[in-house]
Amino acid sequence: LTIQKYINGNTDSASIEVTEDEINELYNKVSKQQKDVPDLEEVRQQLEQQIFQDKLNQQVDQLVKTLQDAANIEILK
């Protein structure tokens with residue numbers, strides 16, 4: 001819970017926007033890779049959530065990189 005609270009306090013999920021173009025692009029990509037894909041409207045919310053989560057993960061990755069760059073780690077043998 002502490003880690004999740006830290007991540008929530010140091011990322012900006014409110015600024016994440018999922019565009020119609022991104023949804024269509026992901027749908028087309030999935031449609032080319034799989035057969036019998038449901039209509040876009042049936043899976044729109046799932047695609048939007050996936051894109052949102054991918055963008056949030058990018059923010060978390062950047063936060064981790066920033067923390068690693070600022071860290072002073074000494075390995076003792």
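- Applying the salt bridge (charged side-chain N to carboxylate O under 4.0 Å, His left out) test to residues at least two apart or on different chains, none of the pairs has a partner in residues 6-19.
- The side-chain hydrogen bond (donor to acceptor under 3.5 Å, both in side chains) check on Thr2 picks up nothing, with sequence neighbours excluded.
- For Gln49, the CD atom counts as densely surrounded, since its 6.0 Å shell holds more than 12 non-hydrogen atoms of other residues, nucleotides or ligands.
- With values rounded to the nearest 0.5 angstrom, Ser31 atom OG is found 10.0 Å from Asn24 atom CG.
- Distance check, rounded to the nearest 0.5 Å: CD of Gln4 to CD1 of Ile7 gives 5.5 Å.
- Taking Ile, Leu, Val, Met, Phe, Trp and Tyr as hydrophobic and joining them when side-chain heavy atoms fall under 4.5 Å apart, one finds Leu47 in a cluster with Ile16, Val18, Ile23, Leu26, Tyr27, Val30, Val37, Leu40, Val43, Ile51, Phe52, Leu56.
- Identified under the salt bridge (charged side-chain N to carboxylate O under 4.0 Å, His left out) test for residues 59-71, with sequence neighbours left out: Lys65-Asp69.
- Scored by the side-chain contact (heavy atoms from CB on, under 4.5 Å) test, Glu42 finds Pro38, Asp39 as partners (sequence neighbours excluded).
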Would Leu63 and Gln59 satisfy side chain to side chain contact (heavy atoms under 4.5 Å, CB included), going step by step from the backbone distance to the final call? CA-CA 6 Å; Leu63 175 61; Gln59 285 188 10; over 6 Å; no
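- Taking CG of Asn10 as the reference point, atom CG of Leu67 lies at 7.5 Å (rounded to 0.5 Å).
- Legend: residues meeting side-chain contact (heavy atoms from CB on, under 4.5 Å) with Asp54, ordered by chain and number and at least two apart, are Gln50.
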